[in-house]
Each structure stands twice: as C-alpha cells, then as structure tokens.
Amino acid sequence: MVTCDFCGRREDDEAATLRWSTAVDDGRRRRYCETCSREHLRSMEGKLAPEHW
C-alpha cells in the first residue's frame with residue numbers, strides 16, 4: 001500500500017501508482033498521488049518545500 005504524503009490518499013494497486021510522483025525532501029522520500037502531482041507541479045519543479053504549497 002502506498003500513501004500520498006500530501007493528501008493521505010491510499011492506493012493498494014502498485015500499477016496505479018505509476019502515475020504518482022516521487023520527490024526527496026531533506027533526505028526523505030515522499031510520494032504524491034496523481035491529483036496532488038498535477039495540482040502542485042509548479043511548486044515541485046520550483047523545489048518549494050511542501051509546507052508552502
């Protein structure tokens with residue numbers, strides 16, 4: 001099971017998580033669901049801390 005580190009969405013199907021994004025923040029790996037990834041893409045690319053999204 002994979003959980004979105006932003007909204008808390010859970011996904012049991014590993015194949016469905018292929019559309020999710022992964023980021024490393026302060027040495028910690030974070031996973032974001034497809035919806036959160038799309039909504040916060042510019043902030044992710046700008047390397048803004050998730051607290052500022």
Asker: Is the distance between the ring centroids of Tyr32 and His40 under 6.0 Å?
Answerer: no
Asker: So, using side chain to side chain contact (heavy atoms under 4.5 Å, CB included) as the criterion, who are the partners of Glu34 when residues are at least two apart?
Answerer: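 Checked Glu34 against side chain to side chain contact (heavy atoms under 4.5 Å, CB included); matches are Arg19, Arg38.
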Asker: With Thr3, which residues qualify under side chain to side chain contact (heavy atoms under 4.5 Å, CB included), at least two apart?
Answerer: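 Side chain to side chain contact (heavy atoms under 4.5 Å, CB included) check on Thr3 returns Arg10.
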Asker: Is it true that Asp5 and Arg28 have a side-chain N and a carboxylate O under 4.0 angstrom from each other?
Answerer: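 Judged by the 4.0 Å cut-off on N to carboxylate O distance, Asp5 and Arg28 do form a salt bridge.
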Asker: Test of understanding: with side chain to side chain donor-acceptor pair (under 3.5 Å), list the residues that count as partners of Thr22, not counting sequence neighbours.
Answerer: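 Arg31.
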Asker: Please identify each residue that fulfils side chain to side chain donor-acceptor pair (under 3.5 Å) with Thr17, with sequence neighbours left out.
Answerer: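 In terms of side chain to side chain donor-acceptor pair (under 3.5 Å), with neighbours along the sequence ignored, Thr17 is linked to no residue.
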Asker: Quick one: SG on Cys4 to CZ on Arg30, what's the gap to the nearest 0.5 Å?
Answerer: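 Answer rounded to 0.5 Å: 10.5 Å.
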Asker: Roughly how far, to the nearest 0.5 Å, is the CD atom of Glu39 from the CZ atom of Phe6?
Answerer: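 It comes to 8.0 Å.
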Asker: Please go through Trp20's hydrophobic cluster and name the other residues, only I, L, V, M, F, W, Y counting, with side-chain heavy atoms under 4.5 Å joining them.
Answerer: Val2
Asker: Kindly write out the residues that satisfy side chain to side chain contact (heavy atoms under 4.5 Å, CB included) with Asp13, not counting sequence neighbours, or none if the list is empty.
Answerer: Glu11, Ala15, Ala16
